[in-house]
Protein chains: 2
Amino acid sequence: MESVNEVQKGASNEQKILEAAKKVFLRDGLHGSRMETIAKEAGVTKALLHYYFRSKEKLFAVIFEEVKGGMLPRLESVFGSDLPVFEKIERFVESYIDLLIENPYIPLFLVNEVNKDPEKFFETTQIAARIQQFVPHFVQQILEEQEKGNLNSIHPFHLIINVMSLCIFPFLGKPMFQKVAGMTDEQYKLLLQERKKEVAAFVMRAIKIPD
Amino acid sequence: MESVNEVQKGASNEQKILEAAKKVFLRDGLHGSRMETIAKEAGVTKALLHYYFRSKEKLFAVIFEEVKGGMLPRLESVFGSDLPVFEKIERFVESYIDLLIENPYIPLFLVNEVNKDPEKFFETTQIAARIQQFVPHFVQQILEEQEKGNLNSIHPFHLIINVMSLCIFPFLGKPMFQKVAGMTDEQYKLLLQERKKEVAAFVMRAIKIPD
DNA sequence: GTCTATATATGGATAGAC
DNA sequence: GTCTATCCATATATAGAC
């Protein structure tokens with residue numbers, strides 16, 4: 001049974017279209033998505049999509065910006081804070097995995113877009129600029145802890161890449177892991193929940209030097 | 001400057017098409033790829049693609065099977081062996097990162113395909129069956145080391161997911177990490193080389209209990 | 001604003017000459 | 001085997017009625 005027109009009855013058609021577009025674009029990608037599919041999902045006709053957004057590209061761009069932008073506040077609230085490194089990592093892991101459990105299609109969507117056209121990905125929203133604003137301070141914190149002897153000598157970039165990898169990849173590899181482990185959707189979701197503690201602990205064991 | 005017809009002069013047209021198709025499909029995905037693009041890349045016309053492979057779907061299937069199949073021997077040679085757990089992890093990391101440095105488009109391609117249609121992904125080549133053949137033994141090994149007190153109490157699935165994530169995600173996130181860190185392609189490739197030691201060491205610190 | 005009907009563009013697939 | 005020309009299906013986009 002196909003789900004059609006699942007959006008809130010109260011919303012305006014423009015809103016319905018945006019929600020439908022988000023769902024379809026995230027699931028099927030730009031090329032895989034059809035205007036007709038989005039229209040059906042929103043409970044309107046194709047013509048209306050063009051009325052509001054003029055072209056498929058334009059509609060896609062709106063969703064693209066929204067998804068890109070939506071990731072940043074969480075990053076900023078954790079890394080922009082003046083928490084100690086270990087707290088930051090723990091909070092990031094918890095916060096990010098939670099976000100992705102709620103929006104499991106985001107990783108594949110973003111990974112595709114950033115690979116398709118990195119320039120385009122970074123130009124608007126100054127996403128790179130905003131990230132670069134807190135990374136140096138985080139790197140600095142790492143170096144300080146290393147000097148104090150609380151953190152082993154891992155290169156900060158590797159540490160950052162490791163933490164991101166451990167958080168995000170399980171969502172990209174879900175069908176694979178799930179199949180091999182013979183898990184149901186429910187069970188895999190539970191495993192992802194566990195990872196909030198598991199990943200944090202794993203990373204801490206790998207980098208923390210006990211007093 | 002676009003690169004057209006870069007393939008070996010000696011190869012047959014069928015071979016040229018296969019190579020071109022691999023390059024384009026891996027880069028642009030099934031929907032993003034155009035028969036015309038592949039033809040140009042191979043230095044022939046579209047008609048010839050249909051002559052040899054009949055349809056786009058069929059051509060894609062050939063590439064798909066090749067890439068899928070190519071990953072398995074490496075997995076099997078490491079995990080099918082009777083090395084101890086820690087060796088297996090170290091060898092896997094080294095072997096897999098090396099493979100991906102040579103073929104950096106594979107992760108994005110496979111992640112897309114497995115997410116698009118998990119059933120289709122696993123049905124042919126019995127890829128799941130072949131993986132499931134050595135996973136239980138590996139899990140068993142982990143449990144044994146844990147009983148012996150050499151390995152901490154991490155759940156084997158988490159450990160496997162962690163290792164895979166640390167190996168693969170840096171290739172998917174390359175444009176992002178590279179941009180944020182302000183690295184050139186050359187520098188990022190070096191960083192990936194470093195990861196062969198780095199990831200192995202990171203994992204060992206996280207799971208190994210010293211005697 | 002929203003629809004139906006239609007125009008236009010794209011890209012996969014085939015026919016037929018060489 | 002390989003090409004050119006063409007067909008046809010699909011999908012985006014627009015026109016015009018309501």
Side-chain angles (χ1 to χ4, degrees), chain A residues 2-65 109 112-113 116-117 120, chain B residues 2-65 109 112-113 116-117 120:
Chain A
E2 281 300 307
S3 67
V4 172
N5 196 5
E6 285 198 338
V7 291
Q8 303 90 304
K9 293 283 194 275
S12 70
N13 276 338
E14 187 172 5
Q15 262 309 314
K16 286 185 196 166
I17 291 169
L18 281 170
E19 285 167 41
K22 184 169 178 178
K23 175 170 174 178
V24 174
F25 278 138
L26 261 65
R27 190 188 58 205
D28 301 340
L30 171 58
H31 295 296
S33 299
R34 298 287 162 252
M35 294 296 264
E36 180 62 39
T37 312
I38 296 169
K40 272 251 185 66
E41 182 72 32
V44 299
T45 60
K46 290 186 298 179
L48 210 57
L49 309 201
H50 287 98
Y51 172 76
Y52 281 114
F53 301 97
R54 209 174 155 78
S55 76
K56 185 186 180 182
E57 298 288 334
K58 289 233 176 32
L59 176 55
F60 182 80
V62 174
I63 304 301
F64 186 28
E65 290 306 317
F109 178 77
N112 269 310
E113 290 312 311
K116 193 178 304 167
D117 190 345
K120 189 187 157 212
Chain B
E2 281 298 309
S3 67
V4 172
N5 197 7
E6 285 197 337
V7 290
Q8 302 92 301
K9 291 284 195 275
S12 69
N13 276 339
E14 186 173 5
Q15 262 309 314
K16 286 186 197 165
I17 291 170
L18 281 171
E19 285 167 40
K22 185 170 178 177
K23 176 171 174 177
V24 174
F25 278 138
L26 262 64
R27 190 190 57 205
D28 300 341
L30 172 58
H31 293 299
S33 299
R34 300 285 161 254
M35 294 296 267
E36 180 62 42
T37 311
I38 296 169
K40 271 250 185 67
E41 181 72 32
V44 299
T45 61
K46 286 190 301 178
L48 209 57
L49 308 201
H50 287 100
Y51 173 76
Y52 282 114
F53 300 97
R54 219 180 143 74
S55 77
K56 185 186 181 183
E57 299 288 335
K58 289 234 175 35
L59 176 54
F60 182 79
V62 174
I63 305 301
F64 187 28
E65 289 307 315
F109 178 76
N112 270 311
E113 290 312 311
K116 194 179 304 165
D117 190 344
K120 188 187 158 211

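Residue numbering restarts at 1 for every chain, and letters A, B, ... go by the order of the sequence lines.
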How many whole angstroms separate atom [atom1] of [X] from atom [atom2] of [N]?
| X | N | atom1 | atom2 | answer |
| --- | --- | --- | --- | --- |
| A/Lys56 | D/dT10 | NZ | P | 15 Å |
| B/Glu36 | C/dA13 | CD | C1' | 13 Å |
| A/Leu49 | C/dG1 | CG | P | 15 Å |
| B/Ile17 | D/dT2 | CD1 | P | 8 Å |
| A/His31 | C/dT10 | NE2 | P | 14 Å |
| A/Phe60 | D/dA13 | CZ | P | 14 Å |
| B/Tyr51 | D/dT4 | OH | P | 17 Å |
| A/Tyr52 | C/dT2 | OH | P | 4 Å |

Among [options], which nucleotide has an atom closest to any side-chain atom of [X]?
| X | options | answer |
| --- | --- | --- |
| B/Leu48 | D/dC3, C/dT14, D/dT14 | D/dC3 |
| B/Met35 | C/dG12, D/dT12, C/dT4 | C/dG12 |
| B/Ser55 | C/dT14, C/dA13, C/dT2 | C/dA13 |

Side-chain heavy atoms of A/Leu30 within contact of A/Asn112, under 4.5 Å: no
Do the non-hydrogen side-chain atoms of B/Leu18 and B/Phe53 ever get within less than 4.5 Å of each other? yes
May I have the step-by-step check of salt bridge (Lys or Arg N to Asp or Glu O under 4.0 Å) for A/Glu19 and A/Lys22, ending in yes or no? CA-CA 5 Å; A/Glu19 285 167 41; A/Lys22 184 169 178 178; over 6 Å; no
With heavy atoms under 4.0 Å as the rule, sort B/Thr37 into base, sugar-phosphate or nothing. nothing
When rounded to the nearest 0.5 angstrom, what distance separates CG in B/Leu59 from NE2 in B/His50? 9.0 Å
[X] side chain N/O closer than 4.0 Å to the phosphate oxygens (OP1, OP2) of [N]?
| X | N | answer |
| --- | --- | --- |
| B/His50 | C/dT14 | no |
| B/Arg34 | C/dG12 | yes |
| A/Arg54 | D/dT14 | yes |
| B/Asn13 | D/dG1 | no |
| B/Thr45 | D/dT2 | no |

Donor-acceptor contact below 3.5 Å, side chain A/Lys46 vs main chain A/Arg34: no
Does B/Lys46 get its side chain close enough to the base of C/dG12, under 3.5 Å, for a donor-acceptor pair? yes
